[in-house]
K.L.:
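What follows is a single structure, and I will ask about it in a moment.
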Amino acid sequence: MLNLSIPSTPIIQNPKTPFCINPQISSLPSIKLLNPISRKLSLKCQYSDQQQQRPDVSSYSQPRQDTPKVFIGHSIYKGKAALTVEPRPPEFAPLDSGAFKLTKEGFILLQFAPAAGVRQYDWSRKQVFSLSVTEIGSIISLGARDSCEFFHDPFKGKSDEGRVRKVLKVEPLPDGSGHFFNLSVQNKLINMDESIYIPVTKAEFAILISAFNFAVPYLLGWHTFVNSIKPEGTAGLNNANSRFGADLEWSR
């Protein structure tokens with residue numbers, strides 16, 4: 001409650017309301033005269049929701065949150081070795097136009113670690129093998145009695161070519177209960193020759209195949225293209241180039 005003492009300003013009677021209004025403070029929302037004879041005024045201001053213009057928070061653009069890095073993997077533990085499977089993303093390079101171009105496909109990293117005791121593994125002695133998309137396809141297409149073999153030279157095309165040899169074999173188990181993963185590594189640079197093998201059951205192999213099938217489009221980078229498609233941006237382009245596309249189809 002605010003008391004104002006106004007000794008010399010005359011009071012004007014508003015003919016439409018039973019209140020007296022001082023012209024010098026007529027902009028206030030409402031004025032109530034407590035004593036018409038006294039020069040002391042008591043003002044009570046009431047503000048409605050319409051008078052208080054509150055900002056519409058829904059119209060504010062939310063800050064963009066970058067996707068955090070996520071490290072994932074799937075492991076298989078057996079008596080003599082452990083196998084960990086981890087995807088690695090593709091790589092892109094920016095173009096002058098502002099677009100991006102795929103420069104390197106993703107891959108699946110296999111890590112083999114020998115056992116160092118009961119349920120213990122020596123990861124300091126691990127051997128790794130990177131499966132390309134094509135090699136992943138070979139494993140996906142394996143039948144119950146099929147096998148495949150891959151050879152890698154990490155220094156191919158370099159001065160140390162042939163000094164390190166890696167051979168990965170995926171073969172069916174004799175009883176048909178799964179597959180056998182065997183990684184052999186010969187490293188003449190450090191005089192090392194090691195072979196790590198691990199049996200994989202049908203169920204474990206099915207999990208690997210399911211994960212590989214899911215990961216392949218992402219390793220190819222196709223998800224970035226799909227996410228960039230906008231309906232309003234492709235309809236006109238497709239209509240304009242429909243004849244050109246037909247020419248490409250029939251010219252093959």
Side-chain angles (χ1 to χ4, degrees), residues 56-75 83-112 126-142 148-168 170 181 183 185 187 189 207-252:
D56 184 8
V57 295
S58 62
S59 63
Y60 292 166
S61 59
Q62 297 296 329
R64 182 179 179 273
Q65 297 181 353
D66 294 333
T67 303
K69 288 186 176 181
V70 178
F71 300 95
I72 60 172
H74 177 66
S75 299
L83 170 62
T84 296
V85 182
E86 298 179 359
R88 290 292 186 267
E91 297 179 5
F92 300 85
L95 302 178
D96 295 337
S97 62
F100 288 86
K101 180 181 180 181
L102 179 71
T103 57
K104 183 180 179 181
E105 294 180 348
F107 58 92
I108 297 292
L109 180 65
L110 305 181
Q111 301 184 68
F112 295 79
K126 71 178 181 181
Q127 299 295 335
V128 299
F129 194 92
S130 300
L131 289 174
S132 66
V133 173
T134 302
E135 292 169 339
I136 295 171
S138 298
I139 295 179
I140 292 175
S141 62
L142 287 179
C148 60
E149 181 177 335
F150 310 114
F151 167 76
H152 283 186
D153 183 349
F155 297 101
K156 186 176 182 180
K158 301 179 181 179
S159 59
D160 288 329
E161 180 176 354
R163 304 293 298 275
V164 178
R165 295 168 53 90
K166 295 185 178 183
V167 179
L168 175 65
V170 182
F181 281 68
L183 176 61
V185 179
N187 190 335
L189 298 175
I207 295 298
L208 293 179
I209 298 304
S210 179
F212 289 173
N213 277 309
F214 178 83
V216 165
Y218 293 88
L219 300 180
L220 293 172
W222 282 34
H223 64 292
T224 58
F225 169 75
V226 173
N227 293 338
S228 68
I229 295 176
K230 296 181 180 180
E232 65 275 11
T234 58
L237 182 62
N238 289 339
N239 292 335
N241 295 336
S242 59
R243 178 176 176 78
F244 179 71
D247 293 341
L248 282 179
E249 176 68 21
W250 290 109
S251 62
R252 294 179 180 178

K.L.:
Starting at NZ of Lys101, measure out to CD of Glu91 and round the result to the nearest 0.5 Å.
P.N.:
14.0 Å

K.L.:
Looking at residues at least two apart in the chain, or sitting in another chain, which of them share a ring pair (Phe, Tyr, Trp, His ring centres under 6.0 Å) with Phe71?
P.N.:
none

K.L.:
Donor-acceptor pair, Lys166 side chain versus Val128 backbone, under 3.5 Å?
P.N.:
yes

K.L.:
Any idea how His223 and Tyr218 line up, ring-wise: parallel (<30°), tilted (30 to 60°), or perpendicular (>60°)?
P.N.:
tilted

K.L.:
Under 3.5 Å, is there a donor-acceptor pair between the side chain of Ser75 and the main chain of Thr84?
P.N.:
no

K.L.:
Would you say Ser130 and Leu110 make side-chain contact, with heavy atoms under 4.5 Å?
P.N.:
no

K.L.:
Which heavy atom of Phe225 sits nearest to which heavy atom of Ser228, and what is that distance?
P.N.:
O-OG, 2.7 Å

K.L.:
Quick one: CZ on Phe150 to OG on Ser132, what's the gap to the nearest 0.5 Å?
P.N.:
7.5 Å

K.L.:
Report the C-alpha separation of Phe100 and Leu95 in whole Å, then their side-chain angles, then the decisive distance to 0.1 Å, and conclude whether the side-chain contact (heavy atoms from CB on, under 4.5 Å) test is met.
P.N.:
CA-CA 6 Å; Phe100 288 86; Leu95 302 178; over 6 Å; no

K.L.:
To the closest 0.5 Å, what do you measure between CZ (Phe112) and CG (Leu83)?
P.N.:
5.0 Å

K.L.:
Which atom pair, heavy atoms only, marks the closest approach of Val164 to Pro154?
P.N.:
O-CD, 3.6 Å

K.L.:
Evaluate the side-chain contact (heavy atoms from CB on, under 4.5 Å) criterion for residues Glu105 and Arg88: first the C-alpha distance (whole Å), next the side-chain angles of each, then the deciding distance (0.1 Å), finally the verdict.
P.N.:
CA-CA 9 Å; Glu105 294 180 348; Arg88 290 292 186 267; over 6 Å; no

K.L.:
Between Ile136 and Val216, does the side-chain contact (heavy atoms from CB on, under 4.5 Å) criterion hold? Intermediate values first, please.
P.N.:
CA-CA 8 Å; Ile136 295 171; Val216 165; 4.0 Å; yes

K.L.:
For Ile72, which residues count as a side chain to side chain contact (heavy atoms under 4.5 Å, CB included) partner, sequence neighbours excluded?
P.N.:
Val70, Pro87

K.L.:
Check the surroundings of atom CZ in Arg165: do more than 12 heavy atoms from other residues, nucleotides or ligands lie under 6.0 Å from it?
P.N.:
no

K.L.:
So how far is it from Asn213 CG to Leu208 CG, rounded to the nearest 0.5 Å?
P.N.:
11.0 Å

K.L.:
Looking at Glu161 and Arg163, is there a salt bridge between them, counting it only when a charged N and a carboxylate O are closer than 4.0 Å?
P.N.:
no

K.L.:
Please assess Lys158 against Lys156 for the test side-chain contact (heavy atoms from CB on, under 4.5 Å), listing each intermediate value before the final yes or no.
P.N.:
CA-CA 5 Å; Lys158 301 179 181 179; Lys156 186 176 182 180; over 6 Å; no

K.L.:
If I take atom CZ from residue Phe129 and atom CD1 from residue Ile108, how far apart are they, to the nearest 0.5 angstrom?
P.N.:
13.0 Å

K.L.:
Looking only at heavy atoms, which two atoms of Leu131 and Phe107 are closest? And how far apart?
P.N.:
O-CB, 3.2 Å

K.L.:
Check the surroundings of atom CZ in Phe214: do more than 12 heavy atoms from other residues, nucleotides or ligands lie under 6.0 Å from it?
P.N.:
no

K.L.:
How far does CZ of Phe181 sit from CG of Leu168, to the nearest 0.5 angstrom?
P.N.:
7.0 Å

K.L.:
Indicate the atoms forming the closest heavy-atom contact of Ile140 with Ile209, along with that distance.
P.N.:
CA-CD1, 3.7 Å

K.L.:
Strictly distance-based, threshold 3.5 Å: is any side-chain N or O of Asp153 a donor or acceptor partner for the main-chain N or O of Gly162?
P.N.:
yes

